[in-house]
Amino acid sequence: MDDISSKDYVIVDNFLRDELYTEIKSFFLGKLPNFKEAGIGAHSENQIDTKIRGDFTYWLDRNRDAHLKTYWELLDETMHIFNRYCYLSLSGYEFHLAHYPSGGHYDKHLDQFENRSNRMISMIIYLNDDWKPGDGGELEIFEKDGSSFLVEPLAARCVMFKSAEVPHAVLEAHKSRFSLTGWLLYQPSSVGKLYV
């Protein structure tokens, strides 16, 4: 909490216990046939633009995907900790599975929209076994001074950052790159799902 308050981001390795990691990764692989090409923009403005973004997503639903009980409880706990120590008044979340195939990338952007600003904390959990340099798909985080650094998408690593404050990009993947990505919200996700 100190890191995200002072630097706007935090990186936590081994965020998932082995058994939960295995459960989520197995679920992910089983859902791959149901992934859809991801677009940019909200609601009616959503459009596919592979020059900007090249991943495929599967949106999670707590009721439909209820067997991921331990994962949902972890999100509840994470949201509670943010509310307790950062006074954010978070009250919901929205998450999807993300697959960047070889060649997939996402240009520099913020996880926020002008017409909907309730995404408070972005949260990425990587699901890449045996990732090594050269595989690509690193997260590039841009600092306020204009510099940037890369975060390797290592298995069970979690990156959290302030959605409206931290510009970031996903570098081109050279092999399939898997993550569980979402946002902790100031308002419930029932106000309408976004596709970014």
Side-chain angles (χ1 to χ4, degrees), residues 1-29 31-32 35 37-38 40 50-58 60 68 70-71 74-75 78 81-82 93-112 119-184 196:
M1 294 302 105
D2 289 341
D3 280 350
I4 204 164
S5 294
S6 63
K7 299 189 298 184
D8 295 339
Y9 61 83
V10 64
I11 300 167
V12 183
D13 286 334
N14 302 309
F15 186 76
L16 301 177
R17 294 189 305 272
D18 289 346
E19 59 270 23
L20 180 54
Y21 178 88
T22 299
E23 178 184 350
I24 293 172
K25 182 67 178 283
S26 176
F27 177 83
F28 187 112
L29 295 175
K31 292 297 181 182
L32 270 177
F35 279 51
E37 191 168 11
I40 55 173
T50 55
K51 294 177 182 176
I52 296 174
R53 180 177 187 178
D55 61 320
F56 294 77
T57 59
Y58 175 85
L60 295 175
L68 293 176
T70 304
Y71 165 69
L74 176 62
L75 284 184
T78 303
I81 290 170
F82 270 108
Y93 40 72
E94 54 189 12
F95 276 81
H96 65 253
L97 306 175
H99 172 217
Y100 286 79
S102 182
H105 72 288
Y106 199 159
D107 288 352
K108 181 180 178 181
H109 65 284
L110 285 173
D111 284 353
Q112 200 62 275
R119 287 179 172 179
M120 301 296 289
I121 302 294
S122 298
M123 186 174 177
I124 306 166
I125 302 171
Y126 294 112
L127 305 170
N128 303 299
D129 300 331
D130 304 317
W131 184 93
K132 59 185 181 301
D135 289 345
E138 296 93 338
L139 178 72
E140 183 173 11
I141 291 181
F142 296 86
E143 303 264 26
K144 291 178 179 177
D145 63 5
S147 64
S148 69
F149 66 94
L150 299 181
V151 180
E152 298 174 337
L154 304 178
R157 170 175 280 175
C158 178
V159 183
M160 292 179 279
F161 53 87
K162 295 178 182 177
S163 301
E165 304 293 333
V166 179
H168 57 285
V170 177
L171 301 191
E172 182 178 344
H174 303 302
K175 60 182 281 189
S176 284
R177 172 198 186 270
F178 303 141
S179 67
L180 203 171
T181 301
W183 300 271
L184 306 181
V196 68

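Please read all numbers here as calculations on a predicted model, not as lab measurements.
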Asks: Check whether any side-chain heavy atom of Leu20 lies under 4.5 Å from a side-chain heavy atom of Tyr71, and answer yes or no.
Replies: yes
Asks: Counting only heavy atoms not in Asp2, do more than 12 fall under 6.0 Å of its CG?
Replies: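 Atom CG in Asp2 is not packed in, count stays at 12 or less.
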Asks: Under 4.5 Å between any side-chain heavy atoms of Phe95 and Leu68, yes or no?
Replies: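 No, their side chains stay 4.5 Å or more apart.
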Asks: Can you tell me how far the CD atom of Glu172 sits from the CD atom of Glu138, to the nearest 0.5 Å?
Replies: 10.5 Å
Asks: Charged N to carboxylate O under 4.0 angstrom, Lys108 versus Glu140?
Replies: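 No, this pair does not count.
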Asks: Is the shortest side-chain heavy-atom distance between Phe82 and Met123 below 4.5 Å?
Replies: no
Asks: Taking the side chain as every heavy atom from C-beta outward, state whether Trp183 and Met120 have any atom pair closer than 4.5 Å.
Replies: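 They are not in contact (no side-chain heavy atoms under 4.5 Å apart), so the answer is no.
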Asks: Hey, could you give me the CG/CD1 distance between Leu139 and Ile11, rounded to the nearest 0.5 Å?
Replies: 8.0 Å
Asks: Distance check, rounded to the nearest 0.5 Å: Ser102 atom OG versus Lys175 atom NZ?
Replies: 10.5 Å
Asks: For the residue pair Tyr106 and His109, does the interplanar ring angle fall in the parallel (under 30°), tilted (30 to 60°) or perpendicular (over 60°) class?
Replies: parallel
Asks: Classify the angle between the aromatic ring planes of Phe27 and Tyr58 as parallel (below 30°), tilted (30 to 60°) or perpendicular (above 60°).
Replies: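 Perpendicular: the ring planes of Phe27 and Tyr58 meet at over 60°.
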Asks: Do you know which two heavy atoms are closest between Asp107 and Ala169, and how far apart they sit?
Replies: C-CB, 3.8 Å
Asks: For Tyr9, which of Glu143, Lys162, Glu165 qualifies under side chain to side chain donor-acceptor pair (under 3.5 Å)?
Replies: Glu143
Asks: Here's a test for you: under side chain to side chain contact (heavy atoms under 4.5 Å, CB included), which of Val170, Val159, Ile124, Ile125 qualifies with Thr181?
Replies: Ile124
Asks: Indicate yes or no: at least one non-hydrogen side-chain atom of Arg157 is less than 4.5 angstrom from one of Glu152.
Replies: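 Answer yes - side chains close enough.
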Asks: Might you point out which heavy atoms bring Asp8 and Val166 nearest each other, and give the distance in Å?
Replies: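 Scanning both residues completely, I find the closest heavy atoms to be O-CG2, 3.5 Å.
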Asks: List the steps, then state whether side chain to side chain contact (heavy atoms under 4.5 Å, CB included) holds for Thr78 with Met160.
Replies: CA-CA 11 Å; Thr78 303; Met160 292 179 279; 4.2 Å; yes
Asks: Has the side chain of Arg119 got a donor or acceptor atom that lies under 3.5 Å from a matching backbone atom of Ser163?
Replies: no
Asks: In Å, rounded to the nearest 0.5 Å, how long is the span from OH of Tyr100 to CZ of Phe56?
Replies: 11.5 Å
Asks: Quick check: closest heavy atoms across Asn128 and Phe178, and the distance to 0.1 Å?
Replies: OD1-N, 2.6 Å
Asks: Counting C-beta onward and ignoring hydrogens, is there a side-chain heavy-atom pair between Phe28 and Phe35 closer than 4.5 Å?
Replies: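 The answer is yes; the side chains approach within 4.5 Å.
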Asks: Between Trp131 and Leu154, does the side chain to side chain contact (heavy atoms under 4.5 Å, CB included) criterion hold? Intermediate values first, please.
Replies: CA-CA 6 Å; Trp131 184 93; Leu154 304 178; 3.6 Å; yes
Asks: CG of Asn14 to SG of Cys158: how many Å apart, nearest 0.5 Å?
Replies: 11.5 Å
Asks: Can a salt bridge be assigned to the pair Asp55 and Arg53 using a cut-off of 4.0 Å between side-chain N and carboxylate O?
Replies: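 Yes.
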Asks: Is a side-chain donor or acceptor of Ser26 paired with a backbone partner of Thr22 at a separation under 3.5 angstrom?
Replies: no
Asks: Can you give me the closest heavy-atom contact between Ala173 and Pro101, atom names plus distance?
Replies: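 Heavy-atom minimum between the residues: CB-O, 3.7 Å.
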Asks: Rounded at 0.5 Å granularity, tell me how far CG in Leu127 sits from OG in Ser176.
Replies: 12.5 Å
Asks: Considering only heavy atoms from C-beta outward, does the side chain of Asp130 approach that of Asp135 to under 4.5 Å?
Replies: no
Asks: List the atom of Ala164, the atom of Gln112, and the distance in Å for their closest heavy-atom pair.
Replies: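 Scanning both residues, the minimum pair turns out to be CB-NE2, 3.8 Å.
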Asks: Just so I know, are the side chains of Lys25 and Asp129 near enough to count as touching, which here means a heavy-atom distance under 4.5 Å?
Replies: yes
